[in-house]
Amino acid sequence: MPNSSSVSEFLLLAFADTRKLQLLHFGLFLGIYLAALLGNGLILTAVACDHHLHIPMYFFLLNLAILDLGSISTTLPKAMANTLWDTRAIFYTGCAAQVFFLVFLVGAEYSLLTVMAYDRYIAICKPLHYGSLLGSRACAKMAAAAWGSGFVHAVLHTANTFSLPLCQGNAVDQFFCEIPQILKLSCSDSYLTEIALIMFSACLGAGCFVFIVLSYVQIFRAVLRMPSEHGRHKAFSTCLPHLAVVSLFLSTIMFAYLKPPSISSSFLNVMVAVLYSVVPPAVNPLIYSMRNQELKDAVRNLIGYLLL
């Protein structure tokens, strides 16, 4: 049986056997990918070009759009290329790169969502201290910490996962390289080290989750005490999109990694992977633009300028 030194490529899971279904999947993913590129690209350009949006909340939203573009670009282009050319292969180095960038970007996004919860907490619960607590230098440091935490997790997980000897073949039961699927190919007890790293990351994630929940408990208490209906509406319009993005992000990832093995199947694994790696980057721009009037106005002005 092959070991890690003899594995030069992995075989990803094929979406379909017939050519018509393959082209259908290609068209579907191409549409989702283009929608994600357009939505996040508009948010990036609108925030960068409109000086009214040069405030902490939109600075963090700009970072989120960059992370979303990166995460969906890590998985979908290779899957679409394999579907179009009717192949399943991905080089060993390409597989390692997918794992690294996906862990990096998803980890950084979760940290950034935690920072964005803190931003909303300060803005609503301590508005008089907003400028001093969230100045440009503080925002840059928090964004850098979010990106840095994702990078450290990616280095640790990727280095440990791809140092394992592989003796269970090279077929990955997923349409992109994913750590749990790589671990299934290992024949060494050293994979327990990676499990320990995953548990450590899960504990840190649980801490972030508790922080987000407690922040929103305080936020909703403060909003409900506001005497002005207009003030409550404005506060909710800035908080609910972030809460919806956090809920979508966490629910899909938790279902992907905490679902019972008894209900696991290749089809279900692919559907869940699509939910947490493909859907959020495509849907997040829509969620943020639905209730945020400032962002809608900026995007509308940008589109109008581009059409001139």
Side-chain angles (χ1 to χ4, degrees), residues 36-37 39-74 100-157 201 204-205 207-216 218-219 234-235 237-246 249-250 280-281 284-285 287-289 292 294-295 297-299 301-302:
L37 291 180
N40 288 288
L42 284 174
I43 286 180
L44 278 171
T45 310
V47 173
C49 296
D50 193 329
H51 70 278
H52 294 101
L53 302 184
H54 291 177
I55 59 176
M57 181 177 74
Y58 295 109
F59 169 73
F60 295 132
L61 182 57
L62 181 145
N63 279 265
L64 181 66
I66 295 173
L67 290 169
D68 281 339
L69 283 175
S71 63
I72 198 170
S73 297
T74 299
F100 174 82
F101 282 110
L102 193 61
V103 174
F104 170 35
L105 295 165
V106 170
E109 181 163 339
Y110 187 36
S111 299
L112 186 67
L113 290 173
T114 306
V115 170
M116 293 172 78
Y118 175 73
D119 167 70
R120 291 299 84 207
Y121 166 75
I122 297 298
I124 293 173
C125 298
K126 299 183 177 182
L128 298 179
H129 301 283
Y130 189 74
S132 59
L133 293 176
L134 286 169
S136 57
R137 181 173 297 181
C139 290
K141 287 181 178 179
M142 286 188 283
W147 285 83
S149 65
F151 179 80
V152 171
H153 276 84
V155 169
L156 292 175
H157 285 290
S201 298
L204 291 179
C208 292
F209 175 74
V210 171
F211 180 85
I212 292 172
V213 170
L214 292 178
S215 297
Y216 270 96
Q218 296 299 318
I219 287 171
K234 185 175 181 180
S237 69
T238 60
C239 290
L240 291 181
H242 175 258
L243 192 58
V245 168
V246 171
F249 183 83
L250 289 180
N284 285 351
I287 293 175
Y288 269 104
S289 61
N292 192 311
E294 287 182 329
L295 186 59
D297 290 341
V299 171
N301 292 337
L302 175 64

- Query: Is the backbone of A146 close enough, under 3.5 Å, to the side chain of S149 for a donor and an acceptor to pair up by distance?
  - Reply: yes
- Note on the structure: Separation between CG (L64) and CG (L113), nearest 0.5 Å, reads 5.5 Å
- Query: For the atom pair CG (N63) and OG (S111), what is the distance rounded to the nearest 0.5 Å?
  - Reply: 12.0 Å
- H153 and F100: aromatic ring centres closer than 6.0 Å? no
- Task: Answer whether the closest heavy-atom distance between the side chains of Y58 and E294 falls below 4.5 Å.
- Result: yes
- Query: Between I43 and L62, is any pair of side-chain heavy atoms under 4.5 Å apart?
  - Reply: no
- Item | Nearest atoms (heavy-atom pairs only) where Y216 meets C239 | OH-O, 3.3 Å
- Query: Got more than 12 heavy atoms from elsewhere within 6.0 Å of CZ, F151?
  - Reply: no
- Query: Within a strict 4.5 Å, meaning less than it, do heavy atoms of the V103 and L156 side chains meet?
  - Reply: no
- With no hydrogens and no angle check, is any side-chain donor or acceptor of H54 less than 3.5 Å from a backbone partner on F59? no
- Query: How many angstroms lie between OG1 in T74 and CG in L69, if you round to the nearest 0.5 Å?
  - Reply: 10.5 Å
- Message: Quick check: closest heavy atoms across P241 and I287, and the distance to 0.1 Å?
- Response: O-CG2, 3.5 Å
- One should read off an interatomic distance between L133 CG and C139 SG, to the nearest 0.5 angstrom, of 10.0 Å
- Message: Contact between D68 and L105 at the side-chain level, heavy atoms closer than 4.5 Å - yes or no?
- Response: no
- Validation row: N284, F249 side chains within 4.5 angstrom (heavy atoms): no
- Note on the structure: Rounding to 0.5 Å, atoms SG (C49) and CG (L44) come to a distance of 10.0 Å
- Message: For F209, is the CZ atom crowded, meaning more than 12 foreign heavy atoms sit under 6.0 Å from it?
- Response: no
Return a table of donor-acceptor pairs under 3.5 angstrom between the side chains of residues 114-131 and protein atoms on other chains or two or more places apart.
from	atom 1	to	atom 2	distance (Å)
T114	OG1	Y110	O	3.0
D119	OD1	Y130	OH	2.6
R120	NH1	T238	OG1	3.3

- Are P56 and M142 close enough that some pair of their side-chain heavy atoms sits under 4.5 Å apart? no
- Under the side chain to side chain contact (heavy atoms under 4.5 Å, CB included) rule, collect the residues that match up with N301, sequence neighbours excluded. none
- N40 side-chain N/O to A36 backbone N/O, donor-acceptor pair under 3.5 Å: yes
- Message: Can you tell me how far apart OH (Y288) and CG (L295) are? Round to the nearest 0.5 Å.
- Response: 10.0 Å
